[in-house]
Amino acid sequence: MRIGLQEDLDTLQATLLDEGELCIRSLRGVMQAVRERDPELADEVIAFDDEVDSRYMAVAQEVESLLARQTPVASDLRFVLAAIHINLALERVADLCVTIAKLTKLVYEVSPDVKLIEAFEEMASRGEEMLRVSLDSFVKRDLAGAESLVDLDELIDRANRRVVQHLMALGGNPSLREWGLRMIVVSRCLERIGDHAVDIGEQTAYLVTGEFREFTDASHPD
Amino acid sequence: MRIGLQEDLDTLQATLLDEGELCIRSLRGVMQAVRERDPELADEVIAFDDEVDSRYMAVAQEVESLLARQTPVASDLRFVLAAIHINLALERVADLCVTIAKLTKLVYEVSPDVKLIEAFEEMASRGEEMLRVSLDSFVKRDLAGAESLVDLDELIDRANRRVVQHLMALGGNPSLREWGLRMIVVSRCLERIGDHAVDIGEQTAYLVTGEFREFTDASHPD
Amino acid sequence: MVTVPESQTVPVTLPGVNVDAVAERGRPLPARELREVVFDVQGLGVSYSGNMALQDVSLEVYRNFVTAFIGPSGCGKSTFIRCFNHMNALIPGARIHGRILYHEQDLYGTDVDPVEVRKRIGMVFQKPNPFPKSIYDNVAFGPRVLGMTDGLDERVERALHQAALWDEVKDRLKASALGLSGGQQQRLCIARCLAVEPEVILMDEPASALDPIATTRIEDLMHELKRDYTIIVVTHNMQQAARVADMTAFFSVTRGGEGQRTGILIEYDATDKIFTQPSDKRTEDYVTGRFG
Amino acid sequence: MVTVPESQTVPVTLPGVNVDAVAERGRPLPARELREVVFDVQGLGVSYSGNMALQDVSLEVYRNFVTAFIGPSGCGKSTFIRCFNHMNALIPGARIHGRILYHEQDLYGTDVDPVEVRKRIGMVFQKPNPFPKSIYDNVAFGPRVLGMTDGLDERVERALHQAALWDEVKDRLKASALGLSGGQQQRLCIARCLAVEPEVILMDEPASALDPIATTRIEDLMHELKRDYTIIVVTHNMQQAARVADMTAFFSVTRGGEGQRTGILIEYDATDKIFTQPSDKRTEDYVTGRFG
Amino acid sequence: MSAVSAGLRSSRRRGVWAGRLFMAFLLLSLAIGFATLLTLVVQVVFKGVEWVDLVLLLEPPSADPQIAGARPAILATIYLGVLLLALTVPLGVGTAIYLEEYANRNRWYNRLLEINIQNLAAVPSIVYGILGLAFLVRGLGLGRVLLAGAMILTLLVLPTVIIAAREAIRAVPDSIRQGAYALGATRWQVVWRQVLPAAVPGIATGSILALSRALGETAPLLLVGALTYVSFNPTLLGDFTALPVQIYQWVARPQPEFRDTLAASGIIVLLVILLAMNALAIWLRNRYERRW
Amino acid sequence: KPATPAGTAVPQVAGRIESDGSSTVGPYTQAAAEGFERANSGAKVVVGISGTGGGFERFCKGETDLANASRPIKYTEAVKCQQAGIRYIQFLVANDGLSVVVNRANTWATCLTVDELKRIWDKGSKVDSWKDVRPQFPDVKLKLYGPGTDSGTFDFFTEKINGRSKQSRSDYTASEDDNVLVRGVQGDQGAMGYFGYSYYVENKSKLKVLRINGGGGCVAPSVRAVQNRTYRPLSRPLFIYVKRESFRRPVVAAFIRYVIENEAKIATKADFIALTKAQLAKAKRQYNTAIRNR
Amino acid sequence: MATGEATAADQRIALRAPRRRWGEDVIKGALALCALLSVATTIGIVAALFLPAFEFFEEISIVDFITGTNWAPLFAPSSFGVLPLVAGTLLVTAIACAVCMPFGLGAAIYLSEYARARTRKSVKPALEVLAGIPTVVYGYFALTFVGPRLQDLGLPVGVFSALSAGLVMGVMLIPTVASVSEDAMSAVPRDLRDGAYALGSTRLQVATRIVVPAAVSGIIASYVLAISRAVGETMIVLIAAGGQPNLAWNPLEAVQTMTAFVAATGQGDTPTGSIEYKTIFAVGATLFVMTFVMNLLSIRLVRRFREVYE
Ligand SMILES: Nc1ncnc2c1ncn2[C@@H]1O[C@H](COP(=O)(O)OP(=O)(O)OP(=O)(O)O)[C@@H](O)[C@H]1O
Ligand SMILES: Nc1ncnc2c1ncn2[C@@H]1O[C@H](COP(=O)(O)OP(=O)(O)OP(=O)(O)O)[C@@H](O)[C@H]1O
Ligand SMILES: [Mg+2]
Ligand SMILES: [Mg+2]
Ligand SMILES: O=P([O-])([O-])[O-]
């Protein structure tokens, strides 16, 4: 057993999970900011991104060092490649949170549409769940868990579509219109968090099966 | 000289550039579809994504094989890591084109706002330029070229902000409103194509300098 | 498929890209049906004084491929590779079971002359083993013993060229081969083997005694040579197998009844496959360094 | 910094993560000021019968680090490592210039006794070189010649434990060491060296004669041992340096006036740095295999 | 490199015949030696075996062949053997150790020493006889005593023993020495605890073979005064004879009983002694032969 | 062990006697020593065969008690002894008849004159064939065998036949070992050789001995012929030289006495020819004088 | 365990030797003394041979000695041309070499290249027995067996001849040559043989073109050893060669060698101190010089081959 390699792999996974946890915190924070229309909290979330970024950097550095030093092959190599992708996905998730935070700040004076906020809450909690499931199944090399993400994602997508419908129906009020234009992006961001979770799931599947496969293909919707 | 390694690295770069070219074609195609409100053309762009995906897969496979077989270190390793990121960025660019194509299809009956289309045209051609510059500087290991992307990106961002302002000012007409809601996403997509080009530039910088550095940080806007 | 009309777009030119070349250099190996089989090993086993050292190996070696054998120490790699040119016949007590067909002809059939076999199937050894003669005489040795003495000079020069050694030694062909560096010696041994114009070159850990730079050169050379020759290489260095080989066979050891160890073939596949997605757990454990 | 109030969120639990451990295992090496210097090499050079084999090397070796020396063949790695325990004194014609301070004391000062130095600074060689004696006697040899014969049995057992060999040999301590496998022999040599309780262990290509599995075990062992010892290792295998070493020194060769080759130190830095972003072009060329 | 479909059959009959002829020559070479040995032994045994009895072993010589024995000669030969061992082994091994382990080979006097010893090995034994007569018997005033005989035989075989011991010591791999030095052993500890034990089989066989040659020597003993008629058991500082001298004298007698029969039986006894020693040497060699 | 021979009522003596010298006389001394030791269990006699010259060398250095000699001491040797203060007594102990032998297949030669022998053996002789010896002999190639040039036998033979010691042709096969000469003559039809009587006696069946005409007719070597001096000129005396100083030791005196008393028996045992009465009487006289003077 | 607590000062003291190691120096001295014994031996030999030899050369011109063709030191008038002895020595040596070199090498090749390990293990020591038989025995074997057999073959050879002595000496030396050569050939790495076999060589080609050339320095060493043994051999020639100085270079005739002369004269009855007696030393010194020169040459030769091949 190559102790050095396994240690490095463990460290890498731990850093990734750490990053995942921070992303989830970020997501919660920004949803609170949306719910409570709290620009300060939004600022904190924006600042908190540095934390995630530092983990992102750490993972990148670890990956580079590991590849340079340990020559991983086969499943070890797939693990490292998966880690690269997951790292990117998580960093994007955090960025999306930042985007949401920024959008929130732009429209915090507008009193929000309650139904919409509820939809967002639902999407966010689904997103959080998906992130958890994705990381969890990654750690457990759990193919079924990873594949279950597709179904979860469908739920978020549906919520997103509902939000778009709702916003389109919203009409009139110019301030609300701006708000709506911003919120459609928020919704899209939340939806994309789900997409990233699916990406992570795909990486798990790749890690386990050794095959590249997209769970869903944007250009070939089922 | 490790002939095998260099050959593999060359192949990898060639596949990446191929993929880049396909992305640019995709972008042109989808802009034509937007301009001409041509749902068939949009469909073709959507189908064309398979081409890009196949390159994406090829790069991923090549990277895996290269890492497993060649044990690259130092600049070679950075090249491979950069290739992974660039591959992802390009794939995203193509996905964004698909998204635009889909959005176009949803609203092709609506006669578009000419100013907006012009803005999109501008954004798209800037995006195309950025992609070109980014790949070009990657190939030439041209740090200055890569850094110039930040300025180019600023132009796209500005166009994006103008689009949003314009859309916000658009008001009234419900069909136009839906169109606007869709178009804001299109604008965002085009803007993000620029972001991806910047990402590619960042990878070039990493490859050349060996240091991780984000040209701009979403959470720390200058 | 690509219906985005090209005429509509100015051709996209990106520097440094030759898309055709990419296609030509395509990594995937030719399909199985298209490969020409040089050796067809069928249920091969080797025993030393009754102890099975290797059992029931069946595989095909393809023309103009580099085929690598990897596996833990004592799994019979050397034993196996030595079957291809009758080198086992020199070991008292060694017995071969099963068949090796060389171009569909039984290599161990009656009437097969080991000398003829070795002429067609050259071998390079672990430690560079130049004869204590001049560089020229080393390369000329094979042709001389085989009576191929016409145009000897050209033959020697050609072999040294092929082994990428000519430029380094052309001014001192009469100097002792022992004065060469380890890496040069090994290339000389390859040249020596090429001088008799074999079809196949067997290499038993050809670079394990060399430093990394010399190793790189040998690997490059193998890369070059596979255009004209079929190469079989045993290596302990998995990275080396990964780098140079088109096909890789992984051997391992099973423990029989009385603690007897017998080598078996675990997996034989394209090298990429072996090193990224081996289908056998034992292969995976070995290549990831998790064996034992 | 993290002002998102944790109390507001249910603790996020993810399986398999121990965030503290991650922090503790943090890759970055201790800052230069915090490292304890064991050897301070100052302008060291070595000549063999007047030919400089190594010139002007200055570096610091830190305590409880694994320090690797890499470089092309003949660049003086072995020459250098042998300076640390006076092994060059055994070569007629070898001369040392410059200084090596060992805990601030000149290793080549007058009155310094090579035997005392070698007691503190052990060495493991390229090829396992067990003495043709029993396993026990091999390990007991050092203590015996140094007169440390009290509690010899425990000492031997402890050394074998540390070298991760005890379980494999505890039932046959009286058997000949030559009956061990190559990897076991090398671990025995390590145990032999540990038995005299050195502070530093020098290893000159300790795994180059071993198969990959045995090599892995030796590398693991080095990883273990660095907790208690300071290890200096010469290796041809760059991957090995990359895996085991904290610090890596890259040596290369310059050609002097009359084609004379002299080894010089090109770069000495944290291993990660050497293998991902070497600051010298020559290092980069060497580690990426683009040398020569 | 067109496909090889046939032609693995031998194409060179001539080579086969040359091989057989050569083989015949080799067997002949071996046969000549053994045929001679056999004839010789058969002749001797045929003539003398009857007289190998207790009289021969236990009685002193006599003018009457019927009751003539060789007890003093046999005993003296045995004493000589023991003395030779006691003198040659320490001196020879000591010299060999000096040359191999201590002497700096770059010094002219050490090189001269080596050449000198090689040369002494080739000096005819008769010259040693002259030397012994001039310096031991007369110069030292030792007289014609057993000790003088032993000493001259010592000088005679010393070069051979030195050369054999040097070979044996040189065959001990340097890695063993380095390993011991690296553990803090002093030079003598290295020699005494590692090198000598490892070299013992080589030294022993070399010494014994040299010794058995010395015991068959006649000429130098005659010169230093081995007598032909001694009826009492030999002492260190007393008159002596030796078996080969006794045989030589018997052979020169006119009476056929002496000339043929008794001489032959004496030869048988001598052969048995020598064979026993050779056997011992071979046993030692096989018993302790080492593979490194 | 056999008991002391009857009749010798000599009291037992003990001690060691060193002797060295002629390899021809060696067996004689050895036979004597054997009997003497048997009679005196405390006595030890050792015998070396360094050759007459070697024996005298040691003798004159005082290393030995007795010197066995197949010729009388030479002037140079005597000088050496004198310088070293070694005084000695010469005892004639036996006779030898140098025998000239040919191959058994030699049917022509039976008796040769001294002149003929000289023609064959003298320095610069060109006699290569038997025909050259006597015209009526067949033309068979003559092959010569003789003792080593440094032996007493060679000295004696050359002196008596060629007129001067050591003057001889040199192109013959020489050997220290007379058995070797026997072999030589035995194996070669044209061979001729000469050596001590004992070697002829022991090999009578293999060789043919020549009669020698020394002026008094053809005589073959035999005990009688030697003893009554008709075998001429090749009868030669054998000596033991005794150091006077040693003679004072009872054991040495006893040994000489033993030799004189048992001279005939010893000579027979060693294949030599016993002393004539006159010779024996002289020896006894010498012994008695020596005893008195010691 | 790294002595964690030890301060630099402690280690400063510790790097010194606790005490001077006198024993080591004493041992080295003792060993050097052993080595010096061989020098003393040589000096002794030179003194023992050359001092009397110089006396000899005071009386006899060294030129006559070296160039003279008639050897009759003990005849009267005497003649001191050593060439016949040298010729005899060389002739017998040449005959012995003609036997032991090819056949010794043949046996060595057989043992190292053809024989199985088991055969080698038993045959080689058996062969070595041949080298241990006392030379007296060989002498009589030559005289009583080989000579007559040669005559049986119809050769016009005398009872004594350089031929029979040389032949037997050659046979006696076969094991020496075989054993030393075989050692050298076994030391040729297996790789080289494998390399040659892999090129399609036959066993014969491997043995003659690879192994023998690679072992040539060892083979030469064995030859040199055999030559010097042949030159120095005494008893066989003393008994079987016939003591007849002979410049005829005819192997069928009897010859005298230098050693035989020394041995014969040494035990004869030449008065010591006489000029005749001193010939022993003159001849002995010549013999010594001959072997010495030959050895120097061979050391050179062997070293040259070593350089080429190692
Ligand atoms: N000449 C021989 N006689 C008997 N057994 C042998 C012989 N050669 C090899 N073996 C045995 O056959 C088995 C396979 O040996 P082989 O040398 O082929 O292994 P390998 O895979 O080449 O090992 P390595 O990697 O150490 O070179 C081993 O168990 C070995 O002990
Ligand atoms: N004992 C010696 N006598 C003379 N020169 C020597 C000796 N040992 C080494 N050298 C020379 O010193 C230089 C450095 O040798 P060294 O063995 O230290 O290199 P290295 O880096 O260990 O090489 P490798 O990787 O081949 O082991 C070489 O040029 C070598 O020829
Ligand atoms: Mg092998
Ligand atoms: Mg080295
Ligand atoms: O031994 P010799 O009688 O011949 O002197």
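Below, read A as the first sequence line, B as the second, and so on, with proteins coming before strands; counting in each chain starts at 1.
Here the side chains of E/R213 and G/R229 are in contact, with some heavy-atom distance below 4.5 Å. Residues G/L127 and E/L30 have side chains in contact (heavy-atom distance under 4.5 Å, counting atoms from C-beta outward). Using a 4.5 Å heavy-atom threshold, the side chains of E/L271 and G/P134 count as touching. Using a 4.5 Å cut-off on side-chain heavy atoms (C-beta onward), E/I267 and G/Y140 make no contact. Between G/F288 and E/N119 there is a side-chain heavy-atom pair separated by less than 4.5 Å. Put simply, the side chain of E/I32 reaches to within 4.5 Å of the side chain of G/I174, judged on heavy atoms. G/F145 places none of its side-chain heavy atoms less than 4.5 Å from the side chain of E/L40. Looking at heavy atoms from C-beta onward, E/T95 lies out of side-chain contact with G/L37 at the 4.5 angstrom threshold.
At a 4.5 Å heavy-atom cutoff, the contact between G/I45 and chain E is made by backbone and side-chain atoms alike. Heavy-atom distances place no part of G/R203 under 4.5 Å from chain E, backbone and side chain included. Using a 4.5 Å cut-off between heavy atoms, G/T234 contacts chain E through its side chain alone, with no backbone atom that close. Within the 4.5 angstrom heavy-atom criterion, only side-chain atoms of G/A207, from C-beta onward, approach chain E. Only the side chain of G/Y114 comes within contact range of chain E, judged by heavy atoms closer than 4.5 Å. G/V39 touches chain E through backbone and side chain together, each having a heavy atom under 4.5 Å away. Contacts of G/V123 with chain E are made by both backbone and side-chain atoms, with heavy-atom separations under 4.5 Å. Of the atoms belonging to G/T208, it is side-chain heavy atoms, and not backbone ones, that fall under 4.5 Å from chain E. Using a 4.5 Å cut-off between heavy atoms, G/L296 touches chain E through its side chain atoms alone.
Across G/F103 and E/S29, no two heavy atoms sit closer than the pair O-CB, 3.1 Å. The minimum heavy-atom distance between G/T259 and E/P124, with the atom names listed, is CG2-CB, 4.2 Å. Here the closest heavy-atom approach between residue E/Q118 and residue G/N295 is recorded as O-OD1, 3.8 Å. Across G/A35 and E/L113, no two heavy atoms sit closer than the pair CB-CD2, 3.6 Å. Shortest non-hydrogen contact noted between G/G44 and E/L131 is C-CD1, 3.1 Å.
Top candidate by heavy-atom pairs under 4.5 Å with chain E, chosen from G/T42, G/V136, G/T291, is G/T42. Heavy-atom pairs under 4.5 Å with chain G peak, among E/W188, E/F25, E/F34, at E/W188. Between chain G and the residues E/T39, E/I117, E/I97, the most heavy-atom pairs under 4.5 angstrom are made by E/T39. Among G/T144, G/I109, G/L204, G/L287, the residue making the largest number of heavy-atom pairs under 4.5 Å with chain E is G/L204. If you tally non-hydrogen atom pairs under 4.5 Å between each of E/L112, E/L215, E/I126 and chain G, the highest count goes to E/I126. Comparing E/L99, E/L158, E/L27, E/I247 by heavy-atom pairs within less than 4.5 Å of chain G, the highest count is held by E/L27. Across G/S228, G/S38, G/C100, the residue that shares the most heavy-atom pairs under 4.5 angstrom with chain E is G/S38.
With rounding to the nearest 0.5 Å, the separation of CG in G/L238 from OH in E/Y248 is 5.0 Å.
Here the side chain of E/Q43 pairs no donor or acceptor atom with the backbone of G/F141 at under 3.5 angstrom.
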**OP:** Show the numbers, then the answer: is there a side chain to side chain contact (heavy atoms under 4.5 Å, CB included) between G/I27 and E/V191?
**Re:** CA-CA 11 Å; G/I27 285 165; E/V191 169; over 6 Å; no
